[in-house]
Amino acid sequence: QGQLVESGGNSVQSGGSLRLSCAASGVSLKFLVVRWYRQAPGKERELVAGITLGDVTTYSGSVKGRFTISRDNAKNTVDLQMNNLKPEDTAVYYCNIPRPNNSDFWGQGTQVTVSS
């Protein structure tokens, strides 16, 4: 079965940058829609970025212009470059592959903490 593992989360100061990586085993991300979500304590899960099979990208309004989602097919990863981080970006970030019948693939999450 497919397995997803997120990495790259850390604690940074406001204005800093991080690169998150979603690595897959048992499934090729090249042929799948992949999304990044985040969830902060007391908040609903939020879709922050997505990439289609045709590599069309989409972003939430709060991260547009600061975050970039991309594929690295040689490594079988989908990465999220996060620049100019703000305290409101603090959350656990999850990689997701949407699938029918409530069978989405999810990683374990990686913590991003941004201090002012």
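Note that the coordinates shown come from a computational prediction; the quantities given were computed from them, not determined experimentally.
- Taking each heavy atom of P87 and S14 in turn, the nearest pair found is CD-OG, 3.9 Å.
- Between the side chain of T110 and the backbone N or O of G9 there is at least one donor-acceptor pair closer than 3.5 Å.
- Side chain to side chain, Q81 and N83 meet the donor-acceptor criterion of an N or O pair below 3.5 Å.
- Closest approach of S60 and L47 over heavy atoms only: CB-O, 3.6 Å.
- With hydrogens and angles disregarded, no donor-acceptor distance shorter than 3.5 Å links the side chain of N84 to the backbone of G15.
- Across all their heavy atoms, V34 and C95 have their closest contact at CG1-SG, 3.8 Å.
- Within the 3.5 Å criterion, the main-chain N or O of V114 finds a donor-acceptor partner in the side chain of T90.
- Taking the charged nitrogens against the carboxylate oxygens, R66 and D89 do have a contact shorter than 4.0 Å, which makes a salt bridge.
- Atom CD1 of I69 is separated from atom CZ of R35 by 10.0 Å, given to the nearest 0.5 angstrom.
- In the hydrophobic clustering of this structure, V48 does not group with Y94; members are Ile, Leu, Val, Met, Phe, Trp, Tyr whose side-chain heavy atoms approach within less than 4.5 Å, directly or through other members.
- Note that the SG atom of C22 and the CD1 atom of I97 stand 6.5 Å from one another [nearest 0.5 Å].
- Distance CG/L18 to CG/N10: 6.0 Å, rounded to 0.5 Å.
- Hydrophobic clustering, with ILVMFWY side chains joined whenever heavy atoms are under 4.5 angstrom apart, keeps L80 apart from V33.
- Rounded to the nearest 0.5 Å, atoms CD (Q111) and OG (S11) are 7.5 Å apart.
- Under 3.5 Å, the side chains of S70 and D79 contain no donor-acceptor pair of N or O atoms.
- Side chain of R71 to backbone of L29: a donor-acceptor contact under 3.5 angstrom is found.
- The only member of E88, E46, E44 that meets salt bridge (charged side-chain N to carboxylate O under 4.0 Å, His left out) when paired with R38 is E46.
- Put simply, OG1 on T77 and CG on L20 are 11.5 Å apart, with the number rounded to the nearest 0.5 Å.
- A single hydrophobic cluster is seen to contain both Y59 and I51, as judged by linkage of ILVMFWY side chains at heavy-atom distances under 4.5 Å, directly or through other members.
- A distance of 15.0 Å separates OH in Y93 from OG in S7, rounded to the nearest 0.5 Å.
- At least one donor-acceptor pair closer than 3.5 Å links the side chain of Q108 to the backbone N or O of E6.
- Cluster annotation: V78 is connected to L32 through the hydrophobic network of ILVMFWY side chains, with a link wherever side-chain heavy atoms come within less than 4.5 Å.
- Note: the hydrophobic cluster containing V92 does not contain L4 (ILVMFWY, side chain heavy atoms under 4.5 Å, direct or indirect links).
- Between W106 and Y37, the gap from one ring centroid to the other is short of 6.0 Å.
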